[in-house]
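Read through the structure below, which is laid out as structure tokens, and then see the notes.
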2 protein chains.
Amino acid sequence: MIQNLNKHERESLHEALAKSGQKITPQREIVYTVLLAQRDHPTVDEVYHRALETMPGLSLATVYNCLETFVGCGLVRQVNHERESTRYCPNLAPHAHFRDESTGRVHDIELPKEILDQLTKILPANFETETIEISFQGRTKSSTQN
Amino acid sequence: MIQNLNKHERESLHEALAKSGQKITPQREIVYTVLLAQRDHPTVDEVYHRALETMPGLSLATVYNCLETFVGCGLVRQVNHERESTRYCPNLAPHAHFRDESTGRVHDIELPKEILDQLTKILPANFETETIEISFQGRTKSSTQN
DNA sequence: ATTGAGATTTTGAATCATTCTAAACGGCTA
DNA sequence: TAGCCGTTTAGAATGATTCAAAATCTCAAT
Ligand SMILES: [Mn+2]
Ligand SMILES: [Mn+2]
Ligand SMILES: [Zn+2]
Ligand SMILES: [Zn+2]
């Protein structure tokens with residue numbers, strides 16, 4: 001069910017790990033593969049269960065470890081909504097998140113650079129931003145449920 | 001140390017509770033008073049300890065209950081950053097939050113209506129927004145630490 | 001003013017995502 | 001082959017939040 005990483009994806013992974021002095025392991029490859037295979041912002045537990053199908057002995061703690069490593073490398077972003085379990089997103093482009101309250105699903109929303117620029121302008125002069133998070137919450141209303 | 005509610009504030013509280021069919025209690029008045037007294041986005045535990053000084057028998061569960069009630073009424077907003085304890089904010093104007101990583105403090109950032117409008121425009125047509133959360137993360141760099 | 005139904009508060013236990021600990025493992029180098 | 005050091009693993013610990021059940025309070029109706 002889960003495809004392997006393509007050349008470019010494998011390269012991103014290896015490069016990011018190498019850059020921060022960490023090793024390539026089968027667990028890390030599988031966890032990253034799972035994230036890329038289905039970009040639905042899975043929780044740790046969801047990643048864990050998907051990865052188990054490929055690597056039956058994998059432990060939950062390792063999934064926590066791998067994801068934390070990826071976040072540290074800048075390979076993956078954490079996505080939080082309210083007090084729910086943390087979700088993970090391998091989309092590195094600047095984007096916002098829309099969380100559909102009726103399905104629980106989280107969608108990526110492309111974020112024009114223009115808006116990001118405007119946002120940093122509303123801050124007092126001495127506030128230096130490192131990250132900005134924008135999250136929408138609502139419902140999708142089309143008849144053909146996406 | 002903690003002032004009482006003024007006429008307007010007491011009215012907001014009573015009105016919001018009445019509107020959603022809930023009762024006025026001393027605990028609710030004190031918790032709301034604590035929130036208005038120091039607008040630093042306290043956690044439940046911080047609210048609890050501040051309120052204890054006025055009402056020694058108060059229980060932590062009640063503080064959770066009161067704050068949940070206020071959020072349900074629309075009197076107060078929850079503010080989440082990463083996986084930290086939830087914080088509470090009685091500022092009902094549309095605003096973003098800036099979290100200073102060096103001090104842990106959370107500041108309100110006024111949010112021009114213009115930007116909110118632009119933000120809703122980046123969503124696909126069938127996405128109906130109920131709430132938007134914008135949070136900055138970074139540091140304040142002035143010599144006179146604010 | 002009194003009463004009673006229903007809401008609220010309280011205590012302590014339960015939940016559950018996440019983190020921690022310590023032991024086992026694995027690849028690499030000397 | 002032996003040692004090094006980062007990684008993985010299982011299980012315990014943590015900590016914010018929620019829950020359950022009994023005691024108490026509030027307020028509308030009398
Ligand atoms: Mn939030
Ligand atoms: Mn976040
Ligand atoms: Zn995303
Ligand atoms: Zn605020």
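Convention: sequence-line order gives letters A, B, ...; per-chain numbering from 1. Computed from a predicted structure; not experimentally measured.
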Using the side chain to side chain contact (heavy atoms under 4.5 Å, CB included) rule, take F98(B) and T140(B) through it: C-alpha gap first, then chi angles, then the decisive distance, then the call.
-> CA-CA 10 Å; F98(B) 182 97; T140(B) 61; 4.2 Å; yes
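- Taking atom CD1 of residue I24(B) and atom P of nucleotide dT8(C), one finds them 11 Å apart after rounding to whole Å.
- Between K23(B) and Y64(B), the residue anchored nearer the 5' end of DNA chain D, judged by the nucleotide with its closest heavy atom, is Y64(B).
- R99(A) pairs with exactly one of H81(A), E82(A), E84(A) by the side chain to side chain donor-acceptor pair (under 3.5 Å) rule, that one being E84(A).
- At a threshold of 4.0 angstrom between heavy atoms, the contacts of D45(B) with the nucleic acid are absent.
- We find that CD of E68(A) is positioned 15 Å from P of dT9(D), with the value rounded to whole Å.
- Computed from coordinates, the H81(A) NE2 to dA17(C) C1' distance equals 18 Å when rounded to whole Å.
- Side chain of N65(B), nearest nucleotide from dT7(D), dT9(C), dG11(D): dT9(C).
- With rounding to whole Å, Q27(B) atom CD is found 11 Å from dT11(C) atom P.
- Nearer to the 5' terminus of DNA chain C, by closest-nucleotide assignment, is the contact made by L58(B) (compared with the other of L58(B) and R83(B)).
- Between H97(B) and H41(B), the ring center distance clears the sub-6.0 Å criterion.
- Rounded to whole Å, the distance from CZ on R87(B) to P on dA16(D) is 11 Å.
- Here the C1' atom of nucleotide dT10(C) and the CG atom of L52(B) are 13 Å apart, to the nearest Å.
- Neither OP1 nor OP2 of dT7(D) sits under 4.0 Å from any side-chain N or O of T25(A).
- Note on T86(B): every side-chain N or O is 4.0 Å or more away from OP1 and OP2 of dA16(D).
- Taking only side-chain nitrogens and oxygens, S59(B) never comes nearer than 4.0 Å to OP1 or OP2 of dT9(C).
- Picking from dT7(D), dT18(C), dT18(D) the nucleotide with the shortest atom distance to the side chain of S85(A) gives dT18(C).
- Clustering ILVMFWY residues whenever any of their side-chain heavy atoms sit less than 4.5 angstrom apart, transitively, puts L92(A) in a cluster other than the one holding V71(A).
- Taking side-chain N and O atoms only, Q22(B) has no distance below 4.0 Å to OP1 or OP2 of dG6(C).
- Aromatic rings from F136(A) and F127(B) are positioned such that their centres are separated by 6.0 Å or more.
- Atom CD in E82(B) sits about 14 Å away from atom C1' in dT18(C), given to the nearest Å.
- Here dT26(D) is the nucleotide among dT26(D), dA10(D), dT18(C) with the atom lying nearest to any side-chain atom of P26(B).
- Rounded to a whole Å, the CD atom of Q78(B) is 9 Å from the P atom of dT17(D).
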